[in-house]
Amino acid sequence: MPMALQDGRDRLSLQLRAAGLSRSDNVIVHAAGGALPENCAAAIIDAIALCIGPKGTVVIPTFSSDALMPPLSLRQSSDARLRAERTVPGYDALSSPADLSGPLGEAFRTLPGVLRSNHPVFSLAARGPWASDIVERHPRDWALGVDGPMGRLLEMPNMRVLLIGGAAWLDCPVMVLAESMARHRRLAVMRFKERLSGRWIHARDIAVDREGIYDRIGRELGEIGLLRRAPLGRTVVEVASMDEMVGYAAPRIAEAVGEIADRPTALASATAG
């Protein structure tokens with residue numbers, strides 16, 4: 001490794017340690033959209049690995065649009081829609097780009113030793129001692145819920161959440177996990193294409209946080225001291241214990257979603273299916 005790159009990696013690793021990451025920690029990393037220049041992704045991944053060492057496992061979302069229907073005009077004919085459906089390739093764990101997770105996910109998924117889960121949209125990639133256990137099972141319904149990789153992370157020791165770039169809450173997988181565990185949650189139906197069969201599948205999942213609930217609860221996490229904030233290169237990072245973060249967020253999300261329960265079609269019971 002050239003000296004300049006090694007110095008940069010070592011400096012970033014020290015900053016991560018100051019933010020609260022420790023040797024042998026396991027960590028899920030989430031970067032805010034646009035927070036990370038593409039040429040910094042590899043250096044940050046190397047710095048995380050150096051900070052937690054060989055006994056730690058790194059997990060990074062590698063969400064992909066390969067199985068999703070591209071946006072179509074409402075005026076499209078049914079024939080045009082069928083032609084568009086045929087062009088959708090479907091998800092492949094080895095080749096589908098992490099285009100919905102930005103440069104960090106894309107840089108990580110191609111590294112030696114990285115394993116990737118098999119959800120057509122919400123895959124996660126992992127490297128380290130726990131990697132195969134994390135990615136082994138990924139249900140189609142409630143993709144970031146307790147029965148998939150995110151739930152497995154919640155059971156792991158020394159599990160940390162590393163947020164890069166400040167306000168990364170809108171599509172933060174840990175917040176989605178917390179909502180999937182909440183007494184009230186918002187329901188969406190995902191439609192995606194299975195690569196091998198070519199069939200289109202419908203799956204239940206958490207709806208996009210259009211009400212800004214995650215952002216509000218994220219600010220609360222900082223205010224009550226569950227997030228530790230520090231600089232990282234030209235951006236900032238926040239580190240939290242995953243079980244503490246989910247333990248606080250799940251009831252707060254349930255409370256917030258309950259406040260909009262006058263729209264019952266947007267809600268689902270936490271015990272549903």
From Ile28 atom CD1 to Met150 atom CE, the distance as rounded to the nearest 0.5 Å
4.0 Å
Roughly how far, to the nearest 0.5 Å, is CG of Asp243 from CZ of Arg160?
8.0 Å
Given 3.5 Å as the limit, does a donor-acceptor pair link the side chain of Arg185 with the main chain of Glu179, or not?
no
Do the side chain of Arg127 and the main chain of Val114 share a donor and acceptor less than 3.5 angstrom apart?
no
Does Arg140 count as lying over the ring of Tyr91, i.e. NZ or CZ under 6.0 Å from the six-ring centre, within 45 degrees of the axis?
no
Could you tell me whether the side chain of Ser96 and the main chain of Ser64 form a donor-acceptor pair under 3.5 Å?
no
Expected output: side-chain Glu238 to main-chain Arg229 donor-acceptor under 3.5 Å
no
Kindly say whether Asp10 contributes a backbone atom to a donor-acceptor pair with the side chain of Ser13 at under 3.5 angstrom?
no
Full working for side-chain contact (heavy atoms from CB on, under 4.5 Å) between Asp92 and Asp66
CA-CA 8 Å; Asp92 179 78; Asp66 266 8; over 6 Å; no
Min side-chain heavy-atom separation Pro149-Phe122 under 4.5 Å
no
Kindly say whether Leu232 contributes a backbone atom to a donor-acceptor pair with the side chain of Thr235 at under 3.5 angstrom?
no
With a 3.5 Å distance limit and no angle check, can you tell me whether Arg137 reaches the backbone of Asp147 through a side-chain donor-acceptor pair?
yes
Kindly give the heavy-atom pair with the smallest separation between Arg116 and Ser123, and that separation in Å.
NE-OG, 3.1 Å
Polar side-chain atom of Thr57 near backbone of Asn26 as donor-acceptor pair, under 3.5 Å
no
Counting C-beta onward and ignoring hydrogens, is there a side-chain heavy-atom pair between Leu50 and Arg9 closer than 4.5 Å?
yes
What distance separates Phe108 CZ from Thr62 OG1, expressed to the nearest 0.5 Å?
9.0 Å
Say whether, by atom type as modelled, one donor and one acceptor occur between the side chain of Arg195 and the main chain of Pro120 under 3.5 angstrom.
no
May I ask you to decide if Gly212's main-chain N or O and Asp215's side chain share a donor-acceptor pair within less than 3.5 Å?
no
Flag the pair Glu136 and Arg152 as a salt bridge only when some basic side-chain nitrogen lies within less than 4.0 angstrom of an acidic carboxylate oxygen.
no
